Structures are given as structure tokens and as C-alpha cells.
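Working notes for the structure below.
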Amino acid sequence: MATPSAGAAAEGKTARSAEARRRRLIAAAFLLPALVLLGALVVHPIGYSVYRSFFDRSGTAFVGGGNYREILTDDTIRTALKNTALWVVLAPTTATALGLIFAVLTERVRWGTAFKLLVFMPMAISMLAAGIIFRLVYDHDPDRGVANAVWVGVHDTFAESSAFPKARPGRDSPLEPAGGGDFVTREPVRAGVPALLPLVGVAPEALPEGTRAAKAAAAEPGKVTGTAWQDFTRGGGGVTNVVGPDEQAFAGMRVEAVKDGKVVDAATTRADGAFTLSAKADGARLRLPASNFREAYSGVEWLGPTLVTPAVIGAYVWMWAGFAMVLIGAGLAAVPRELLEAARVDGANEWQVFRRITVPLLAPVLAVVLVTLVINVMKIFDLVFVIAPGAVQDDANVLALQLYRTSFGTDANPGLGSAIAVLLLVLVVPVMLVNIRRLRKESSR
């Protein structure tokens, strides 16, 4: 026969069990909406994508691993894989490194907060807007693209282009090509006989501002004179190889007198196109060097097949370096200052303090930033889609963009698109697991 104390204990145990069941039911009731949403928005799409990846374009014929084999054999998808790997290596490391440098360098300056605000501001811009901005920045026309405007300005400082890049001898001209872009007279010139250097090919509106009418050079005893001009009369009526009253001069053009392959004298044409050489030029052939016809430098083709991926990565780094700087700056604020000061007292210079003290103490924060950016760049889509022109999108392709183009493009293949989505998930999951493991390890400390 049970004792009263045993009955009370049994009743207490039953009551505790009932309370535990009630708590579990309450927890389940609160979690149920979130679990339903998780299943509808995450689990079901993943499961359906895996299922759909084993079927053909129409979804009726089972193809097994055919879609996955196509991923490995299709050149466009393989390019997307290579570019994604390039993104994963370059973009997170560059953004993290810049964020670390900005955070450290701005720590001691009075305007550091303002600088950090400016660097972080791109985070407030959407990827679409940033893509439009950098599409203009990378425009090939220096009059529109900031990158090429700067590049061309620097280039022209050291190698200025010619004002007459299209000029060339006309038909029956006394000039002929000499190779390397030079033009020379067909016959040697004589002192006292003005030389004629007629050229065509420059549009009247393309002539430099302030160009004057050409004037035939007068003969000078013992000297070689001549004129370089545009042998073209607007509206017609001019005479070939004769300086007309309405024809324009080529001012500032270099003229060289060449004998036996050596330059014996040189001159620059005046505002009216005339020039004068000394008696040394008598019997020489006149040469117009290629520098007179150097094409204007148009800059770098940032969005060409070769540079389009680094250019888009640059736009991404511009946006996310501020994110890295803010997180690393927060971690830097928690670094014990006495450790840094102790290292300096022991004789360490700033580089040694940074490399041996600051960076190791910031390692957990750097890992958070790096892993977050790695996950982010694996899903990059909109920047590439907006910045890369249609002609080079195959060269700038990444997996997320290829997923969109394969699933919703003109030649849509949902089966192959689902296989790409599963591949992207498989690539992202290990990074996420590493991040979760790291967070658990830190929380257990």
C-alpha cells in the first residue's frame, strides 16, 4: 500500500510534467508562425529547386544529373564559376584590408569621424543606384566617364596628342608615306624654291580653335621655305596643290629636313602654316613625323572584356569598405590601450605594433567581416547586371547572374537554372557553417 508521501511525490511529478507540456505547447504556438514562414519561404523553395534540377526544360522528362553535367561543360557557366571564384578571393579581402587601414589611420585624427561618415555613405545607396553611377564613371568617352577623364588627363600631361590626327596626303600630292606614320616629300627640296606640303582629311570643324588661313611662303635666298596646309576649299573651287585664299593652315606642325637618314634641320610651322629652314636643308627631303598625326588618347576600356570584372569589383569595394571599416573600428575601440602602449615602450615601431598587436587582437572581428563579405559576394548579381554592357556580360558573368539569365532569359531553362541554384547553395553552406561554428566557439568562452 502506497504511503502518503509517495502519493504526494507522484502527484508533484505529474504536475511538473503537465507544466512542462504546457510550456512546450506555448513555445510551439509562438514558434509555429515563424516555422510556417520558414518552411514556405526557405525549405519548400530549396526542396523544389533540388527536385526541379533533375528534370528537363519543360519539367516533364527526368534527366538525372544531366543538368549538373551541363554546368561543368557549358563555357558560359564555367566562366561564371571562374569569375565567382575571383570575386570570392579579391572583393572580400580588398574591402576588409581597406576597412582595416581606414579604421586604424582615422583613429587618431580629429576629422576621423567625418572621414568615416564619408566612407560609410555608399552603404546607404542601393546596388542598382551604385551600378548606374559606376556605369557612368567607367564610360569610355572621357567627356562623360570620370575614370577616363582622369586617366586621359594624366596621359596627355606626358604625351599630348596631335591636333591633326586624321591628316594625310591627297591624290597627286608631293608627299608620300614613309612608314611608321611619317610622310616625306617625293623629291628633294631646294633653297629659294618654296616647298608645298598639302594635306587633307581633317574636317573643318575639327581644326583647332583659332586656326588661320594659310599663306604661301615667300622664297628666301639660301633658305628652304614652305607651307603646310589643308588642301581643301569648303564648297569646292580650289586648285590641287596650290594654297587657296580660303584654305586653312596647319599651325604648330613639325617639319624635318632629312639627308642620308639623318635630320639636318627642323622647324615648326607658324600660324599661317609657313616654315623656314636653314641652308642645311638644301637638297634634303622634308619629313612630317608621325608625332604630327598622333591619334587622341581615348583612355582605358574599363568595361571591355579584359577589365570588366575588376572594374565591377572596384564598385563593390567602394560600397562595402565602409561596412568593414565600421565593424573593425568598433573592434579597435575595444582593444586594450595599455597593450599598445606597452609595446611602444618596449621599442616597437608603429608597423610592428600594428602587425603583432593590433591585427592579432582584431582577428575575430576581421573573420566576421571577411566571412560576411564572402557570403555576400557569392550572391552578387545587380552590380554585374547593371554595370557590365550586354556585349561583355558573358565575360563578367557570375553564378547569380547566370542563374537569372538561365531561368528567366529568352532561352529559359528552369531545370538548368535550378541546378545552378543548388550549386550556389552548396557553395554558400560551408561558409555559413564555418561562421556558425565560430560564433558558437566564441559564445562558449
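Every value quoted in this text rests on a predicted model; they were computed, and no experiment measured them. Counting from 1, the numbers follow the sequence of the chain as shown.
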#### Entry: Side-chain (Arg212) to main-chain (Ala249) donor-acceptor, under 3.5 angstrom
no
### Task
Would you please classify the geometry between the Trp151 ring and the Trp302 ring as parallel, tilted or perpendicular, with 30° and 60° separating the classes?
perpendicular
### Message
Strictly distance-based, threshold 3.5 Å: is any side-chain N or O of Gln352 a donor or acceptor partner for the main-chain N or O of Asn349?
### Response
yes
### Task
Start with the C-alpha gap between Val312 and Phe134, add the side-chain angles, then the distance that decides, and say whether side chain to side chain contact (heavy atoms under 4.5 Å, CB included) holds.
CA-CA 8 Å; Val312 180; Phe134 274 86; over 6 Å; no
### Task
Give a yes or no on whether Arg110 atom CZ has more than 12 heavy-atom contacts from other residues, nucleotides or ligands under 6.0 Å away.
no
Check residues 90-102 and write down every donor-acceptor pair under 3.5 Å in which the side-chain atom is one partner and the other belongs to a residue at least two apart or another chain.
residue : atom : partner : partner atom : Å
Thr93   : OG1  : Val89   : O            : 2.6
Thr93   : OG1  : Leu90   : O            : 3.0
Thr94   : OG1  : Leu90   : O            : 2.7
Thr96   : OG1  : Pro92   : O            : 2.7

### Query
Taking atom CG of Asp272 and atom OG1 of Thr227, what is their separation to the nearest 0.5 Å?
7.0 Å
### Query
Do Leu307 and Tyr138 touch side chain to side chain, with heavy atoms closer than 4.5 Å?
no
### Query
Shortest non-hydrogen contact from Ala271 to Ala251?
CA-CB, 3.8 Å
### Query
If every non-hydrogen atom of Leu303 is compared with every non-hydrogen atom of Pro389, which pair is closest and at what distance?
CB-CD, 3.9 Å
### Query
Is there side-chain contact between Asn376 and Trp320, with heavy atoms separated by less than 4.5 Å?
yes
### Task
Run the numbers on Arg355 and Trp351 for side chain to side chain contact (heavy atoms under 4.5 Å, CB included), then give the verdict.
CA-CA 6 Å; Arg355 186 165 60 92; Trp351 169 246; 3.4 Å; yes
### Task
Would you mind checking if Arg57 and Glu70 are paired as a salt bridge, meaning a charged N to carboxylate O distance below 4.0 Å?
no
#### Entry: Heavy-atom donor-acceptor pair, Ser407 side chain to Leu403 backbone, under 3.5 Å
yes
### Message
So Leu199 and Gln230, do their side chains get closer than 4.5 Å, heavy atoms only?
### Response
no
### Task
Take Thr233 and Glu247 through the side chain to side chain donor-acceptor pair (under 3.5 Å) test and state the conclusion after the steps.
CA-CA 5 Å; Thr233 301; Glu247 295 176 345; 2.9 Å; yes
### Query
Under 6.0 Å between the ring centres of Tyr404 and Phe385?
yes
### Message
Under a 3.5 Å distance rule, please check whether Asp395 uses its side chain to pair with a backbone N or O of Val308 as donor and acceptor.
### Response
no
### Task
Output yes when a side-chain donor or acceptor of Asn292 lies under 3.5 Å from a complementary backbone atom of Arg254, and no otherwise.
yes
#### Entry: Close side-chain approach of Pro198 to Ser173, heavy-atom, < 4.5 Å
yes
### Pair Glu19 + Arg23, salt bridge at N-O below 4.0 Å
yes
### Taking every non-hydrogen atom, the tightest pair across Leu332 and Arg337
O-NH2, 2.9 Å
#### Entry: Value rounded to 0.5 Å, distance of CG in Asn413 from OG in Ser58
9.5 Å
### Message
Is the shortest side-chain heavy-atom distance between Thr358 and Val353 below 4.5 Å?
### Response
yes
### Query
Listed by chain and number, what are the side chain to side chain contact (heavy atoms under 4.5 Å, CB included) partners of Asn83, not counting sequence neighbours?
Thr79, Thr309, Val398
### Task
List the atom of Val365, the atom of Gly331, and the distance in Å for their closest heavy-atom pair.
CG2-CA, 4.0 Å
### Task
Could you point out which residue of Ile380, Ile132, Ile387 forms a side chain to side chain contact (heavy atoms under 4.5 Å, CB included) with Met127?
Ile380
### Query
So how far is it from Gln393 CD to Asn397 CG, rounded to the nearest 0.5 Å?
7.5 Å
### Message
With rounding to the nearest 0.5 angstrom, report the OG to CD1 distance, Ser53 to Ile71.
### Response
8.5 Å
### Task
Indicate yes or no for a side-chain donor-acceptor contact from Asp231 to the backbone of Thr240 under 3.5 Å, with no hydrogens or angles considered.
no
### Message
Please find the pair of heavy atoms, one from Ala396 and one from Val384, that lie closest to each other, and give the distance.
### Response
O-CG1, 3.2 Å
### Aromatic plane relationship, Trp87 with Tyr316 - under 30° parallel, 30 to 60° tilted, over 60° perpendicular
perpendicular
### Task
For Thr84 and Leu399, indicate whether the former's side chain and the latter's backbone hold a donor-acceptor pair under 3.5 Å.
yes
### Message
Quick check against the 3.5 Å criterion: does Thr406 have a side-chain atom that pairs as donor or acceptor with the backbone of Leu416?
### Response
no
### Task
With side chain to side chain contact (heavy atoms under 4.5 Å, CB included) as the test, would you mind laying out the steps for Lys116 and Met325 before giving the verdict?
CA-CA 8 Å; Lys116 289 179 180 180; Met325 178 194 65; 3.5 Å; yes
### Task
Please tell me if the side chains of Val200 and Arg168 come closer than 4.5 Å, counting only heavy atoms from C-beta onward.
yes
### Task
If the plane angle is over 60° it's perpendicular, under 30° parallel, otherwise tilted; pick one for Phe183 and Phe293.
perpendicular
### Message
Is it the case that the side chain of Asn148 and the backbone of Val300 share a donor-acceptor pair, with hydrogens and angles ignored and the cut-off at 3.5 Å?
### Response
yes
### Message
Counting only heavy atoms not in Arg171 (residues, nucleotides, ligands), do more than 12 fall under 6.0 Å from its CZ?
### Response
no
### Query
Do Asp56 and Phe62 come within less than 4.5 Å of each other through their side chains, counting heavy atoms only?
no
### Query
Do the non-hydrogen side-chain atoms of Val255 and Arg287 ever get within less than 4.5 Å of each other?
no
### Heavy atoms of other groups near Arg344 CZ, more than 12 under 6.0 Å
yes
### Query
How far does CG of Leu196 sit from CG of Leu286, to the nearest 0.5 angstrom?
10.5 Å
### Message
Salt bridge or not between Arg285 and Glu176? Use side-chain N to carboxylate O under 4.0 Å.
### Response
yes
### Task
With sequence neighbours excluded, tell me which residues meet ring pair (Phe, Tyr, Trp, His ring centres under 6.0 Å) with Tyr51.
Phe55
#### Entry: Interatomic distance, Ile375 atom CD1 to Leu427 atom CG [nearest 0.5 angstrom]
12.0 Å
### Query
Which atom pair, heavy atoms only, marks the closest approach of Pro174 to Asn241?
CD-OD1, 3.7 Å
### Query
Do other residues, nucleotides or ligands put more than 12 heavy atoms under 6.0 Å from Met432 CE?
no
### Query
Are the side chain of Thr269 and the backbone of Phe250 linked by a donor-acceptor contact shorter than 3.5 Å?
yes
### Task
May I have the step-by-step check of side chain to side chain contact (heavy atoms under 4.5 Å, CB included) for Leu288 and Asp182, ending in yes or no?
CA-CA 6 Å; Leu288 298 177; Asp182 299 345; over 6 Å; no
### Message
Taking Asp411 first and then Arg405, would you say they form a salt bridge - that is, a charged N and a carboxylate O separated by under 4.0 Å?
### Response
no
